[in-house]
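Each chain gets a letter, A, B and so on, in the order the sequences are listed, and its residues count up from 1.
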Amino acid sequence: MSEVLYYFLGFTAIYILMGWALYLPYRVGQLHFLIVACMAVTAYFGGFAAREWGWPFILLLLVGISIGAIIAFVFSQAIGKAPCFTVVIVGLTSVFIVKTVIENWELLGGTIGFFHIPTVKYLLPIIYILLLIVGFLIYKIDHSRLGRAASVVFVDREVAVSLGIDIKKLGMFFQIIACAIAGMAGILDAFFVNSVSPEFFTFSMISYLMCILFVGGYTTMWGVILSAFILQGIPLLFPSEVASWRQVIYGALLVIIILIRPEGLISRKMLWGLKPKFSFNNK
Amino acid sequence: MKKKNNILKIEHLSVTYGPIKAVKKVNLEVSQGEYVSLIGANGAGKTSLLKAILGIEKAEEGNILFLGEDISRKATDKIVSLGLCLIPEGHIIFSSMTVLENLQLGAYHNPSGFEENLQRVFTYFPILKKRSSQIAGTLSGGEQQMLSMGRALMSKPKLILVDEPSLGLAPKTVTEIFDILGELNREGYSILLAEQNAKKALESSHRCYVMKTGEVAITGFSSELIDDPQIRQAYLGGS
Amino acid sequence: MEIFIAQLISGIALGSIYVLLVTGFNLMLLVAKIIQFAYPQIVVISMYTCWGVLQLTDNKFLVILAGITVSIILSILSEPIFRKITSTQGVDINASFIASMGMAMIIMDVMSHSINYGFPVAFPPEWIGGNLLSFGLITVSKGQLYALMGGIIAVLIFFYLLYRTNQGRFFRAIAENRYAACLVGIPIIKTSIFSYFIVGVLGGITAILFSMLIGSASPWLGEFVALKMLAVSIVAGLGNLKGGLFCGLILGILEAMAMGYISGSWSNAIAFVVMLVIVLIKPQGLFGSRI
Amino acid sequence: MKNKFFRSFSLPLIVIGMILIFSFNIWGQEVVVDEWRIPFLNCVTGPIASIGEYMSWSANRAAEEINAAGGVRGKPIKIEIIDTGVSKDKAMEEMAKVVDWALVVMGPVPEACIMAAVPIAVKAGLFCMISSTSYEYTVEYFPWTLSWYPPTEEKLPPITAAWAELHPDMKTVVQFVEYSIAWPPMAKAHAIGLESVGVKMLKDVDVPTDAVMFEPLVLKALAQNPDGIVLTCSPEKAAKIIIELEKKGWEDKSKILVFSSADDTALYTTGGKSLDGISIYNYINLYLDDPRWQAFREAYKKDHNGIEPASLSTNYYDSVYMIKEAIENTEITGDPSKLGEERIKIRDYCRNVKGFKGIQLTWDMTDGVPTGKGAFLFVLENGEKKFLAATK
């Protein structure tokens, strides 16, 4: 397989995972950027444990998932049912705090970064198998009682409460699953790139993930897959003169999609071939 | 029915929300100085009809003539400036502002006659004068309903649309509110009242439209309808 | 003590800029029901305009006029986009956040691609002005004085407008209850456009004061400030104007104090930790959200 | 219904189509041997686009000169600038594109891209000519890279010591450090040099990356009553700190030392007249009496609004010439079938090049590390750098 295709597919899969991690808490109306902080933590932890202590990849995957889940669990005690922008600011601040800690930690390479993370055989197939598993899991959640409850919460929290839905528990559940996925993505990213640096986890990564989620569509899990492929492919497909304006292209795409297809490229309406079951008017 | 000067004339009006047809080809008239009531069960389309008149919901088809002018495609603020106002259900007020500020906002399209109007509103609702510097959110339910009415009167309307004024209020307050509506009508205001409490509505109004699932089922003079056995059965508790 | 007073002065000057930014941001949130994340980027573009006009002419009046005009134009240009978003999605402020984030990405990249080869632009010393007062290390520069005075005056005028005039009452009426405002016949769209205009004026003033205070602008300045503006607004309570005043000023002072007194490279994290703790304890903000 | 059904499947089909087109695009590329194509993974967009711009400029200038003089072994050289921004995935994908055919690759430029993309080149056995960053980053990938500078702890102490020796009355120094890429280790090296000549280092002042106001930092530094200041932070921030110092009544500007990475155009556009009198160290001597250098300097100023060449501006100029010399001296053919061995030939030549005439100095490399490469100390007078001292 062509090398470019290898890296293209690898990154796309990692971004799909991260996109799903952003998608899940948005089911209950929360933009949960804590996932980026979790990804940074597990990428560093995974890299360090693999290089210095020789931990095996499979073990690290499990540890990464648990680290993400634990971080999310602690935070979700406070922000389980917090309004969207409170969650946004918790996410943003935690990303900056994690970065500051890493930059001051000599053992992790400080500002320079952390090199020579060992490689794993058949990483790309493993990533895609994990992607399938996570995708199946999210599909199951989406089509379960929880998924339907989340849809109600998204539209109207008061109605949800009157229907007996525990918003906090639901929010906590989605946040924990999301951060666990992000923790896994962090481990995969560390092994895929073979190095980690504080420069990898910036605000532009957050805006990129936002693009993936909202260009693709936030009402279904499928939109993320489509837009991750498109957005990751744009800079590779276009000539370099155009590709150098990719930030502008992403920004414009985001604005245009919100304007003409507020629910993103793939919406529920499209999948069901029906009118949506609910409208998005919060009266 | 005598031919009087039509202040409001609605022809074949339909309103839809997505797949639901809330109002179906309704015809309705209000004459100058007339007090018309609109009764019907919850969900019969009364509120949708009033909202459509004011341009808050867009009419799907049909015409709304106000003083001979078609207002069915006009924006709400233009309609209000022509002299139509709606006293909404559930006493909707600006609760973090003072009572006086609420009344000032009501005078958006009539700033010149502000003082005069204010005094008039205070004579109808003396309680509002006493509370004029209080924050509106701290008023009682009945007082809030009065504020909502006072605010509407500030624009010196030619026709007042009233939506469920009795909703959630104590019986004594309800009587008070209906007395004031009657008084307003005697002073020359035309009124279109939508009300679930059919007895009250029929007692106070001249003429009545009965709505059922978005359509006008029965129309006639209130004094006649109040004795109609069918109406008594359906809306007045059968007694 | 000397150092402390000097730190306090610089903190207050910076705080007054945050106050201006948060006030404009909160007005958009209240009246138009949008999160205008690109607002600081508009301020930065306006700073770039001032710089560009300064290259051509020394007339300060023209420079100020140009800065404010560009800010107004950009603010009003964004209105149709936001109106479309709020009309198709009801009042979903998340959508406006995402769209304005897209706008911010575009503005930032255009600045780093096209203006002054992506280098930061610096304002000439005549524009910034030197020290007005100095006792040892305690100095008050012209920029600081203007930022503080301009901030106070602009916010006072703004609050007068909002609480003592009819137009301001209409703004508040829309912010409080859109439906009722519609019923009393306030033209929602016209008033909203006017609020974009006011925010544009406020943005232009902010840009001029900011350029006098820090003396330069760079493409990524908007992003740094946008995050802090959003944070202040959330910590104070979204849409809470008075809370924004207080928290904006406090953040300025806190930032100066943290930079001046906390050792290690942790000072950056301190402000964030404080915000994180506040938001975790009080998710609705210190003063309560108004939306 | 049918229409909607079709539409829901059309989008995934577009994606698959896109991937196909894109993979054909890659497979369809052939190595053309009638010119020397040298890919240059550079950062010409994003926050440090200005640095990428002059790096591209100098690489292209070297290529033009070489082509005007007849090319390399009779064939012209062509620098292909590939933008990576500061994004790691873009850098990796672009590197994966070039490992199939390139003889040697220049860059990547920003540090995050180096960390991400160089392992791919190492795996493919492709030599990366990275000449824009510190030893700390490149040494990790030896022998598939070379370092353009000697190890930080060897090269920097002499220059700060030389600066201190010019100011014997300077007993205490405060350093401003920005926590970014390789700057903290450089700050450490500065301190070692100063301490070696008896200067006392006061507590460092840390410069937050997102700082917009610098008065609090300057006050923190001045509260310690230092005699001298070392600025180890980004050019824009260094300039603003100098302006603040001036406002706070700092008199002897020659006791402010700006480190090499801050000697960039942004320093001058931001600092303006306030910079007059400061000391700067870097790796190019503007007043070198050499016609080739002076021609480069004139051309650079002409294309950059009269601004003097920045510290990093000559690096890729020399890189291109070094590649040219490697191709000529090791008789490289460019034949795709011999790609692997010729890559190693270039690598081994460059990493141990002796007596290579760079535009500023003669290079002697030992195992990828230059020996005898000095730094230069300047003082800024009326916007012009005046040469003060050089170290070996």
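- Using a 4.5 Å cut-off between heavy atoms, C:M103 contacts chain A through both its backbone and its side chain.
- Listed here is the closest heavy atom pair of A:A252 and C:I106: N-CD1, 3.5 Å.
- A:S94 contributes atom OG, which lies 9.0 Å from atom CG of C:L280 (distance to the nearest 0.5 angstrom).
- Using cut-offs of 30° and 60° for the angle between ring planes, the C:F97 and A:F85 rings count as perpendicular.
- Contact annotation for C:F82: neither backbone nor side-chain heavy atoms come within less than 4.5 Å of a heavy atom of chain A.
- Shown here for A:L92 and C:L227, the closest heavy-atom pair between the two residues is CD1-CD2, 3.6 Å.
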Stepwise, does the side chain to side chain contact (heavy atoms under 4.5 Å, CB included) test hold for C:M105 with A:S204?
CA-CA 9 Å; C:M105 281 164 85; A:S204 62; over 6 Å; no
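- Counting heavy-atom pairs closer than 4.5 Å to chain C, the top-ranked of the candidates A:L254, A:T93, A:V255 is A:T93.
- For C:I76, the side chain to side chain contact (heavy atoms under 4.5 Å, CB included) criterion is met by C:I72, C:Y196, C:F197, not counting sequence neighbours.
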Run the side chain to side chain contact (heavy atoms under 4.5 Å, CB included) test on A:F75 and C:L276 for me, step by step, so that the C-alpha distance in whole Å, both residues' side-chain angles and the decisive distance to 0.1 Å come before the verdict.
CA-CA 10 Å; A:F75 275 89; C:L276 186 65; 4.1 Å; yes
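- Closest heavy-atom contact between C:P283 and A:A78: CG-O, 4.3 Å.
- A 4.5 Å side-chain heavy-atom check between A:M210 and C:M101 finds at least one atom pair inside the cut-off.
- Highest contact tally toward chain A, considering only C:V235, C:I81, C:I107, is held by C:I81 [criterion: heavy-atom pairs under 4.5 Å].
- In terms of non-hydrogen atom pairs under 4.5 Å with chain A, the most contact-rich of C:A104, C:S96, C:G102, C:S100 is C:G102.
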Chi angles and distances behind the side chain to side chain contact (heavy atoms under 4.5 Å, CB included) call for C:F272, A:T100
CA-CA 10 Å; C:F272 285 120; A:T100 312; 5.9 Å; no
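- Applying the ring-ring contact (aromatic ring centres under 6.0 Å, His included) test to A:Y23 and every residue at least two apart in sequence or in another chain returns nothing.
- Between C:D109 and A:Y250, every side-chain heavy-atom pair lies at or beyond the 4.5 Å cut-off.
- One distance of note links NZ of C:K84 with CD1 of A:I260; it measures 8.0 Å at 0.5 Å rounding.
- Heavy atoms of other residues, nucleotides or ligands lying less than 6.0 angstrom from CZ of C:F287 number more than 12.
- Looking at C:I234, the atoms closer than 4.5 Å to chain A (heavy atoms on both sides) all sit in the side chain, from C-beta outward.
- A:V88 touches chain C through its side chain: at least one heavy atom from C-beta onward sits under 4.5 Å away, while N, CA, C and O do not.
- Heavy-atom neighbours of A:F73 CZ from other residues, nucleotides or ligands within 6.0 Å: at or below the threshold of 12.
- Here the CG-CG distance, from A:L31 to C:N94, works out to 5.5 Å after rounding to the nearest 0.5 Å.
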